[in-house]
Amino acid sequence: MAYSAPRGTVDILSDQSGKWQQLEQLLRTICANYNVKEMRTPIFEHTELFTRAVGDTTDVVTKEMYSFEDKKGRSITLRPEGTAGIARSYVEHKLYSLPEKLQKYYYMGPMFRYERPQNGRQRQFHQFGVEMLGLESPYTDVEAMVLAVTVVEALGLKDIKLHINSLGDDESRDAYRDALKQHFQPVLNELCYDCNQRFEKNPLRILDCKVDRDHPTMKTAPKTIDYLSESAKAHFDKVCSLLDDLEIDYVVDTNLVRGLDYYSHTVFEVISDDPKLGAGATVGAGGRYNTLISELGGPVVPGVGFAFGMERLMIAMGDEMVEEDGLDVYIMPLGNEAKDLSMQIITMLRANGFTCDMDQCDRGLKGQFKSADRFHAHFSMIIGEDEVQKEVVNMKCNHSKEQTIVPLENIVEFIEKHYEGGHHHE
RNA sequence: GCGGUCGUGGCGAAGUGGUUAACGCACCGGAUUGUGGCUCCGGCAUUCGUGAGUUCGAUUCUCAUCGACCGCCCCA
């Protein structure tokens, strides 16, 4: 009976972890570049936080959360997204009273949703997200979007599109929602089962339907931007003109709506047509949320943010960027005395900051050389009976194939001297 | 949650109701008492995702279960 990882979870093995670190490092660098600071919040929160923040009619909350009671009977949920935790923390620590009115945070880490696994969709997955809290300015919306675009560009992702839309403020949303219901009411019986459900629950999502995509009423449906209030319209226009000024490519997608309840005004998606993901795959998405903080018990503080699915980024990245550093030295002992000596030497070398390893498998030289190649070792250090006897080692440079007999006390000096040419990376 | 395809060594991949489950890659050993390539030789699945059933006999047929992938739903 062998165990396997639970459905929808994966092990990130060491041959992939380098690529993950590369992605993480890139994201951290970009955030530093934008003066966005990291925030780390718990992986589980009170269930209540998500039902309030994400919306108690959303699919994420109603059927995808990993919720359980802890030993004290509290309802706890593994976070299905990152915004709620950041918002909670912002309120809890009264970060709105910091001298900088605009607080910019990023996070990355595992999220949990009980869904049917597919390529680029797991039950435990990772998101990188950014939240900018404190201002209602369209400049902030655009800063967030530019950061998102910077990410995909830095990763070298091709066939990327930025879709944007505005849902408007609460009044705009309500007016629009009513207009949509009026529009679809007469043709409800021609729409699919899901759309009939959506009609009651979340009419906005009808616009997203793949089944009824070609229904004539889709084209004639009212558009959110036609229902924007004066100020909401001005906000959206400013967002667009700022994007134009920065020469950021985008398309206004009037059917773009988001599934989480907290969004208002600007919403956007970064969509990839990379065949590895399947055409039209969303790799990142976000938008403005002006009522979330107050709904969580804080003051009225607006915010805007987005999240990327890191697994999806990884898939779109491909494998070409992975390269790993080799060892400085691979020690190849022949016999037990040589192994004892190798243990001494390798500990000494490591203490001196060299990356190295030694063979512990008691293999012949041939096999040990193969390992040295696999580890991309700069030097092979051969230690046999002769060397032990004479208190020397045989240093073979794996690039030049040149071999040098080096006394034990001169090993560090020898390596350093050899590296003076500039091979060493530290 | 619904529909579909599929699970054979570390990986890729044949195969059949009957005795030792091809082959390729990788790995290990030898030819080469201590030098990486090539070549040759040898080794490497008490077992065909798991469990049950049919059968004299199941990796093969049936059912269940678990998992992967694809479409839908939803989402990052």
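Please read these numbers as outputs of a predicted model, since none were measured by experiment. Throughout, a chain's letter reflects where its sequence line sits, starting with A, and its residues are numbered from 1.
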Worksheet entry | Length of the CZ-P vector between A/F375 and B/C27, whole Å | 12 Å
Practice prompt. For A/E64, answer base if it contacts any base atom (sugar-phosphate contacts may also be present), sugar-phosphate if it contacts only those atoms, and nothing otherwise; contact means non-hydrogen atoms under 4.0 Å.
Written response: sugar-phosphate
Worksheet item: Which one of A/D253, A/D249, A/D273 satisfies the salt bridge (charged side-chain N to carboxylate O under 4.0 Å, His left out) criterion with A/K161?
Response: A/D273
Discussion item. Could you tell me how far B/A26 sits from B/C63 if I compare only their P atoms? Round to whole Å.
Written reply: 41 Å
Discussion item. Taking only the C1' atom of each, what is the distance from B/U47 to B/U60 in whole angstrom?
Written reply: 14 Å
Response to the item:
Output row for RNA chain B, stems defined as at least 3 consecutive Watson-Crick or G-U pairs under 3.5 Å, is B:1-7 with B:66-72, B:10-12 with B:23-25, B:27-31 with B:39-43, B:49-53 with B:61-65
Worksheet item: Looking for any heavy atom pair under 4.0 Å, which part of the strands does A/F128 touch: base, sugar-phosphate only, or nothing?
Response: nothing
Worksheet item: Got a sec, which residues hit side-chain hydrogen bond (donor to acceptor under 3.5 Å, both in side chains) with A/Y106, two or more places apart in sequence or on another chain?
Response: A/R28
Worksheet entry | Separation of the P atoms in B/A64 and B/U5, to the nearest angstrom | 14 Å
Item to complete: Report yes or no: is the ring centroid of A/F308 under 5.5 Å from the six-membered base ring centroid of B/A76, with the two planes under 30 degrees?
Response: no
Worksheet item: A/I382 near the nucleic acid: base, sugar-phosphate alone, or nothing, with a heavy-atom cut-off under 4.0 Å?
Response: base
Worksheet, complete the sentence: Applied to residues 135-167 of chain A, the ring pair (Phe, Tyr, Trp, His ring centres under 6.0 Å) test, sequence neighbours excluded, yields none
Discussion item. We want to know whether A/Y250 and A/D244 form a side-chain donor-acceptor pair, criterion being a heavy-atom distance below 3.5 angstrom.
Written reply: yes
Worksheet item: Which of parallel (below 30°), tilted (30 to 60°) and perpendicular (above 60°) describes A/F414 and A/F379?
Response: tilted
Worksheet item: Distance between the C1' atoms of B/C6 and B/G42, in whole angstroms?
Response: 36 Å
Discussion item. From CG of A/L365 over to C1' of B/G34, roughly how many Å is that when rounded to an integer?
Written reply: 4 Å
Item to complete: Remember a base hit wins even if backbone is also touched, and classify A/E115 as base, sugar-phosphate or nothing at under 4.0 Å, heavy atoms.
Response: base
Worksheet item: Taking the P atom of each, how far is B/U16 from B/U46, in whole Å?
Response: 22 Å
Discussion item. So A/H235 and A/D169, do their side chains get closer than 4.5 Å, heavy atoms only?
Written reply: no
Worksheet entry | Protein-nucleotide distance (A/Y262, atom OH; B/C75, atom C1'), rounded to Å | 11 Å
Practice prompt. Please step through side-chain hydrogen bond (donor to acceptor under 3.5 Å, both in side chains) for the pair A/Q368 and A/Y330, ending with a clear verdict.
Written response: CA-CA 9 Å; A/Q368 299 197 44; A/Y330 188 69; 5.4 Å; no
Interface polar pairs with nucleotides 68-71 of chain B, N/O, under 3.5 angstrom:
| from | atom 1 | to | atom 2 | distance (Å) |
| --- | --- | --- | --- | --- |
| B/A68 | OP1 | A/G8 | N | 3.2 |
| B/A68 | OP2 | A/R7 | NE | 2.7 |
| B/C70 | OP2 | A/N119 | N | 2.5 |
| B/G71 | OP2 | A/Q118 | OE1 | 3.4 |

Fill in: Integer-rounded Å distance: B/U35 P and A/F379 CZ
21 Å
Discussion item. Please compare A/G309 and A/K63 by the position of their nearest nucleotide in RNA chain B and report the one closer to 5'.
Written reply: A/K63
Item to complete: Using atom CD of A/E387 as one end and atom P of B/G34 as the other, report the distance to the nearest whole Å.
Response: 12 Å
Item to complete: For A/G284, answer base if it contacts any base atom (sugar-phosphate contacts may also be present), sugar-phosphate if it contacts only those atoms, and nothing otherwise; contact means non-hydrogen atoms under 4.0 Å.
Response: sugar-phosphate
Worksheet item: Where do A/T51 and A/D56 land on the side-chain hydrogen bond (donor to acceptor under 3.5 Å, both in side chains) test, with the steps shown first?
Response: CA-CA 5 Å; A/T51 56; A/D56 50 16; over 6 Å; no
Worksheet, complete the sentence: Atom NZ of A/K390 and atom C1' of B/G34 are separated, to the nearest Å, by 13 Å
Discussion item. Please give the distance between the C1' atoms of B/A22 and B/G9 as a whole number of Å.
Written reply: 13 Å
Worksheet item: When you measure from the centre of the six-membered ring of A/F199, is the NZ or CZ of A/K181 under 6.0 Å away and within 45° of the axis?
Response: yes
Worksheet item: For atom C1', what is the distance between B/U62 and B/C23, given to the nearest Å?
Response: 31 Å
Worksheet, complete the sentence: From CG of A/L23 across to P of B/A76 the rounded distance in Å is 18 Å
Fill in: Nearest-angstrom distance, C1' atom, B/U59 to B/G1
33 Å
Discussion item. Nearest heavy atom decides the nucleotide; on that basis, is A/Q403 or A/R123 closer to the 5' end of RNA chain B?
Written reply: A/Q403
Item to complete: Report yes if the side chains of A/H126 and A/P110 come closer than 4.5 Å at any heavy-atom pair, otherwise no.
Response: yes
Item to complete: Apply ring pair (Phe, Tyr, Trp, His ring centres under 6.0 Å) to A/F268 and list each qualifying residue two or more places apart in sequence or on a separate chain.
Response: none
Discussion item. Side chains of A/T29 and A/Q25 only: does a donor on one sit below 3.5 Å from an acceptor on the other?
Written reply: yes
Filtered N/O pairs between nucleotides 28-32 of chain B and protein, under 3.5 Å:
| from | atom 1 | to | atom 2 | distance (Å) |
| --- | --- | --- | --- | --- |
| B/C28 | OP1 | A/R363 | NH1 | 2.7 |

Practice prompt. Please name the pair of heavy atoms, one in A/I346 and one in A/C356, separated by the smallest distance, quoted to 0.1 Å.
Written response: CG1-SG, 3.7 Å
Practice prompt. Would you kindly give the CD-to-C1' distance between A/Q124 and B/C75, to the nearest whole Å?
Written response: 17 Å
